[in-house]
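Data block below; observations after.
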Amino acid sequence: MTDPIPGPGWREKWLLWRNRWLGDPRFQHWSMRLPLLRRVASHHANAMFGVITGFVYTKTLTAVVDAGIISGLARAPAATAALAAAADLSPAAMARLLAAAQAIDLVTPLPGDRWTLGQRGAALANNSGALAMIEHHKLFYDDLADPLAMLRQGRGGGKLADFWSYAAAAGQGVPASSSADPAAATKASAYSALMAASQPMVAEQVLAAYDFGRHRRLLDVGGGHGAFVAEVAARHPGLDLAIFDLPPVVETARGVLAARGLARVEVHGGSFRDDPLPPGADLVSLVRILHDHDDAVVQALLAKIHAALPPGGRLIVAEPMAGTRGAEAMGDAYFGLYLWAMGSGRPRTAAAYRAFLEGAGFRRIREQRTALPMVTRLLVADR
């Protein structure tokens with residue numbers, strides 16, 4: 001016998017009453033006649049219009065970057081005709097694109113039909129991480145062309161999942177090497193390059209929030225080409241450093257690290273799903289790793305890290321997290337669909353990560369405040 005469905009509580013009653021009023025054309029007309037309600041209604045109308053048209057703004061940004069407008073205007077102001085010729089567009093088409101870009105503050109007009117960067121364009125021009133993400137998102141947007149089809153086919157059936165397939169192969173016990181998958185090394189390199197471009201901003205947040213100088217040896221799990229440990233090394237040259245990542249990733253990492261004068265960084269190849277972690281570190285870092293993986297993988301990895309750390313050792317988890325105040329949409333709206341398209345992982349709150357850490361045996365779990373929690377939040381846990 002099934003339990004009876006409870007009647008609606010006060011919150012449900014309030015929401016249903018509110019929605020009836022907001023959807024009533026008579027209320028909408030009346031609200032626009034009162035100054036206070038008109039201001040509130042106008043704010044929500046503008047916000048809804050931003051949701052409806054947001055994809056157009058995104059594609060405008062992509063077009064401006066691909067046309068070389070951002071990089072070109074970062075060097076010097078230019079005329080519409082010159083920008084059109086460089087992008088192989090007609091002057092009329094370029095004028096239309098520039099007007100769209102001006103509307104979202106990417107460019108600003110100058111006398112003589114010339115242009116320079118707008119405030120947002122100037123901030124973007126030297127942000128290699130943001131520019132790399134704009135390029136990478138083309139795969140995601142292809143999958144989102146029909147979002148219901150993407151959801152119906154199940155997780156990971158499109159282009160974004162194919163980009164990530166080298167990691168999936170390694171997680172299933174298939175070595176992600178050129179012999180097992182001819183494209184694996186290329187995919188791994190492309191992903192690690194993306195992470196390397198976007199890593200400095202994340203590293204800046206983490207390094208400002210946590211003192212790595214109190215430790216003897218750091219192991220960065222999922223460390224890619226060493227972008228994060230390179231930032232740590234610049235601030236803490238006396239700290240022993242090591243990274244652990246998939247074999248095709250670390251094959252490239254050795255050369256990248258040597259070129260940066262960091263040949264001293266120990267590089268360990270393997271899959272954290274199947275292989276043991278190298279011992280000896282008193283600090284382990286997981287930087288933008290956990291939200292890419294499903295719960296069972298996260299639980300197993302945290303238990304593996306707990307076992308590898310000595311008593312008193314420490315783990316830091318740096319992730320964008322769901323439920324972050326002021327960035328709620330990034331959690332479930334952006335990362336929720338992105339990770340579905342990718343075929344692995346889900347957005348999680350800080351409370352969810354705390355529960356996983358406690359389940360793995362960690363203690364004294366606390367959050368260290370970062371300046372830009374939208375970019376990353378930081379949890380610290382003791383062995």
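Basis for what follows: all heavy atoms, side chains included, without hydrogens, waters or symmetry-related copies.
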Quick check: is [Y] connected to [X] through a chain of hydrophobic side chains (ILVMFWY, heavy atoms under 4.5 Å apart)?
| X | Y | value |
| --- | --- | --- |
| Leu83 | Leu89 | yes |
| Leu151 | Phe335 | yes |
| Leu160 | Met133 | yes |
| Met150 | Met342 | yes |
| Phe362 | Leu301 | yes |

Between Phe55 and Tyr141, does the ring centroid distance fall short of 6.0 Å?
-> yes
For [Y], does its backbone N or O pair with a side-chain atom of [X] as donor and acceptor, under 3.5 Å?
| X | Y | value |
| --- | --- | --- |
| Gln205 | Pro373 | no |
| Arg348 | Leu290 | yes |
| Glu328 | Gly326 | yes |
| Asp146 | Ala149 | yes |
| Arg235 | Val232 | no |
| His268 | Pro278 | no |
| Asp245 | Val250 | no |
| Asp294 | Ala296 | no |
| His136 | Ala132 | no |
| Thr349 | Ala352 | yes |

Under the side chain to side chain contact (heavy atoms under 4.5 Å, CB included) criterion, do Leu106 and Leu117 qualify, and how do the steps go?
-> CA-CA 6 Å; Leu106 296 175; Leu117 292 174; over 6 Å; no
Any chance you could lay out the side chain to side chain contact (heavy atoms under 4.5 Å, CB included) test for His306 and Arg383, step after step, and finish with the verdict?
-> CA-CA 6 Å; His306 186 272; Arg383 164 74 160 84; 3.4 Å; yes
Does the side chain of [X] reach to within under 4.5 Å of the side chain of [Y], using non-hydrogen atoms?
| X | Y | result |
| --- | --- | --- |
| Pro347 | Leu339 | yes |
| Asp282 | Leu309 | no |
| Arg314 | Tyr210 | yes |
| Phe244 | Asp220 | no |
| Leu61 | Ile70 | no |
| Val65 | Leu124 | yes |
| Thr252 | His225 | yes |
| Gln119 | Asp105 | yes |

Where is the tightest heavy-atom contact between [X] and [Y], given as atom of each residue plus distance?
| X | Y | result |
| --- | --- | --- |
| Ala87 | Met94 | CB-CE, 3.8 Å |
| Val375 | Pro320 | O-CB, 4.0 Å |
| Leu73 | Ala78 | CD2-N, 3.6 Å |
| Met374 | Ala327 | CG-CB, 3.8 Å |
| Asp275 | Gly270 | OD2-CA, 3.3 Å |
| Ser71 | Gly68 | OG-O, 3.2 Å |

Determine, for Lys159 against Asp142, whether the closest basic-nitrogen to carboxylate-oxygen distance falls under 4.0 angstrom.
-> yes
Charged N to carboxylate O below 4.0 Å: is that the case for Glu135 and Lys138?
-> yes
Nearest-0.5 Å distance, [atom1] of residue [X] to [atom2] of residue [Y]:
| X | Y | atom1 | atom2 | answer |
| --- | --- | --- | --- | --- |
| Glu266 | Leu257 | CD | CG | 12.0 Å |
| Arg354 | Glu358 | CZ | CD | 8.0 Å |
| Thr376 | Glu319 | OG1 | CD | 7.0 Å |
| Ile316 | Gln368 | CD1 | CD | 9.5 Å |
| Tyr353 | Leu379 | OH | CG | 9.0 Å |
| Arg120 | Ile104 | CZ | CD1 | 7.5 Å |

Using a cut-off of 6.0 Å, state whether more than 12 heavy atoms not belonging to [X] lie near its atom [atom1].
| X | atom1 | answer |
| --- | --- | --- |
| Arg96 | CZ | no |
| Lys59 | NZ | yes |
| Asn126 | CG | no |
| Arg366 | CZ | yes |

Will you find, in the side chains of [X] and [Y], an N or O donor that is under 3.5 Å from an N or O acceptor?
| X | Y | result |
| --- | --- | --- |
| Arg273 | His293 | yes |
| Asp292 | Ser344 | no |
| Arg377 | Thr324 | yes |
| Trp115 | Thr108 | no |

Taking only residues two or more places apart in sequence or in another chain, which ones pass side chain to side chain donor-acceptor pair (under 3.5 Å) with Arg364?
-> Asp382
Test side chain to side chain contact (heavy atoms under 4.5 Å, CB included) on Ile289 and Val221 and set out the steps.
-> CA-CA 8 Å; Ile289 299 297; Val221 176; 5.6 Å; no
Kindly determine whether Tyr338 and Phe140 satisfy ring-ring contact (aromatic ring centres under 6.0 Å, His included), including the steps that lead there.
-> CA-CA 7 Å; Tyr338 181 97; Phe140 185 28; 5.1 Å; yes
Given side chain to side chain contact (heavy atoms under 4.5 Å, CB included), test Ser285 with Leu218 step by step and report yes or no.
-> CA-CA 7 Å; Ser285 58; Leu218 166 68; 3.6 Å; yes
